[in-house]
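In what follows, a structure is listed as structure tokens, so that the remarks can point back to it.
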Protein chains: 2
Amino acid sequence: MSLTLQEKILQAAAELFYSQGIKATGVDAIAKAANTTKMSLYKYFPSKDELVLAFLRKRDQDFRAWFVEQIDARADTPKAKLLAVFDVIGEWMAIPEFRGCAFINAAAEFPLEGNPVHQVSAEFYDHFRSYIAGLAGQCGSKSPDSLALQLSLLVEGAIVSEQMKRHSGAAEQAKQAAIVLIEAA
Amino acid sequence: MSLTLQEKILQAAAELFYSQGIKATGVDAIAKAANTTKMSLYKYFPSKDELVLAFLRKRDQDFRAWFVEQIDARADTPKAKLLAVFDVIGEWMAIPEFRGCAFINAAAEFPLEGNPVHQVSAEFYDHFRSYIAGLAGQCGSKSPDSLALQLSLLVEGAIVSEQMKRHSGAAEQAKQAAIVLIEAA
DNA sequence: TTGCGACTATACCGATCGGTATACTTTGTT
DNA sequence: AACAAAGTATACCGATCGGTATAGTCGCAA
């Protein structure tokens, strides 16, 4: 445990932002959830916008570290790792707290391309695609970038589909489609 | 032209909701954009929530009618129609006003499953999948529901991907993936 | 000409928003 | 014992939110 006050605030903000939406979450609610006050919140984060960006940047780091760890624990070969991607997101989507992808949701809440929140969200998927492209390249795919983009479309589609309606089998179908696409490439 | 005042309000609300987000759009801004007042707005729509639902329901009707019209104008056979889906969304995503899918965005802004806005958004994609499944069935697919879900994942993924970063070639790659999946089914 | 319904204009309501000012308590260090 | 830093408590700011009350304007029909 023993979290810094700053970390406690960021953690409370993350849970509320993710579960309720960013614009739907006020700074008073964050301070109360972190068992502190607005004064302390604004000591560590100069504005709500900065707190939102801090939330997304931490989410980016945490999620990517957790994700590759999960993949590496399940598969050894690049091809098996590509397929394991869909098992990992399938399990993630099954937890009750699942509310879609924080970056997709943030980009939807801040639709302008120039908005920093939107940009940070876009960068996350750039990195995600690069990771998939790396695996695709190791598989000997002729066009790893194309395959990576296609697979990431399946991932994003599955996340959004599951967010809209739970337990619709999106992850399984995404994996079946991925098998076909990987085999064809 | 000659729109009803009610239609003018709904149209102004639709443009603002889609371009800026629902929670980011106040009723004052809608009334001003429609060249009217809040009083008239509340005469036709008892609350902002009802206005939001009216916006989504009209979007659902309009988009689906426009979509099948576009498909039918481009292809005759069921298989060609399935592929035309990706041409249509590709052209849609290319217009400068494109800001993703209004239903995906709405579901992200109202993340709780029980929320009426969330439910209306989920129904749209249910209908969309049914439409695709119908085409897949006419193609003689063994499992039209599976193919339909897979193709709709590509569509949703492409929309989200293009919303995150414009001109990333999502629609083209989605179509290439769809060709492989349709041929395999 | 009178009256009625649609619409406008404007001021207002309580609540909440993001953000700040001020004063107080706690804690560890020297 | 004294002081500074960290954090709390609380009240406040102007702005905006969704929604309403009231009075007035306009065109049209009897």
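Treat the numbers as computed from the prediction; the structure is a model and nothing was measured. A note on names: the letters A, B, ... follow the listed sequences, proteins ahead of strands, and every chain is numbered from 1.
Taking atom CD of residue Gln20(B) and atom P of nucleotide dC17(D), one finds them 11 Å apart after rounding to whole Å. Put simply, CD1 on Ile9(A) is 8 Å from P on dG7(D), counting in whole angstrom units. Summarising the geometry, the separation between CG on Leu51(A) and P on dC17(C) is reported as 15 Å, rounded to the nearest angstrom. Put simply, CD on Gln6(A) is 10 Å from P on dG7(D), counting in whole angstrom units. Summarising the geometry, the separation between CE on Met39(A) and C1' on dC12(D) is reported as 12 Å, rounded to the nearest angstrom. Atom CG of Leu41(A) is separated from atom P of dA9(D) by 15 Å (rounded to the nearest Å). The distance from atom CD of Glu50(B) to atom P of dG19(D) is 10 Å, rounded to the nearest whole Å. The NZ atom of Lys48(A) sits 15 Å away from the P atom of dT20(C) (whole-angstrom rounding).
Counting any heavy atom pair closer than 4.0 Å across all strands shown, Asp49(A) reaches no nucleic acid atom. Backbone-only contact: Thr25(B) has heavy atoms under 4.0 Å from sugar-phosphate atoms and none from a base.
Of the N and O atoms on the side chains of Gln70(A) and Asp87(A), not one donor lies less than 3.5 Å from an acceptor on the other residue.
For dT8(D), the OP1/OP2 oxygens have a side-chain nitrogen or oxygen of Ser40(A) closer than 4.0 Å. Look at Tyr44(B) and you won't find any side-chain N or O under 4.0 angstrom from OP1 or OP2 of dA6(C). Contact annotation: Lys38(B) does not reach the phosphate of dG19(D) (side-chain N/O to OP1 or OP2, under 4.0 Å). Thr36(B) has a side-chain polar atom (N or O) that falls below the 4.0 Å cut-off from OP1 or OP2 of dT8(C).
Taking 4.5 Å as the limit, every side-chain heavy atom of Leu10(B) sits out of range of all side-chain heavy atoms of Thr4(B). When side chains are defined from C-beta on, Glu156(A) does not count as touching Val160(A), because their heavy atoms never get closer than 4.5 Å. Side chains of Phe110(B) and Pro116(B) form no contact here, defined as non-hydrogen atoms less than 4.5 Å apart.
Note: Leu83(B) CG to Thr77(B) OG1 = 8.5 Å, rounded to the nearest 0.5 Å.
Looking at the side chain of Leu5(B), the nearest of the listed nucleotides dT8(C), dC17(C), dA9(D) is dT8(C). Taking the side chain of Tyr42(A) as heavy atoms from C-beta on, and the options dG18(C), dG7(D), dT8(D), the nearest nucleotide is dG18(C).
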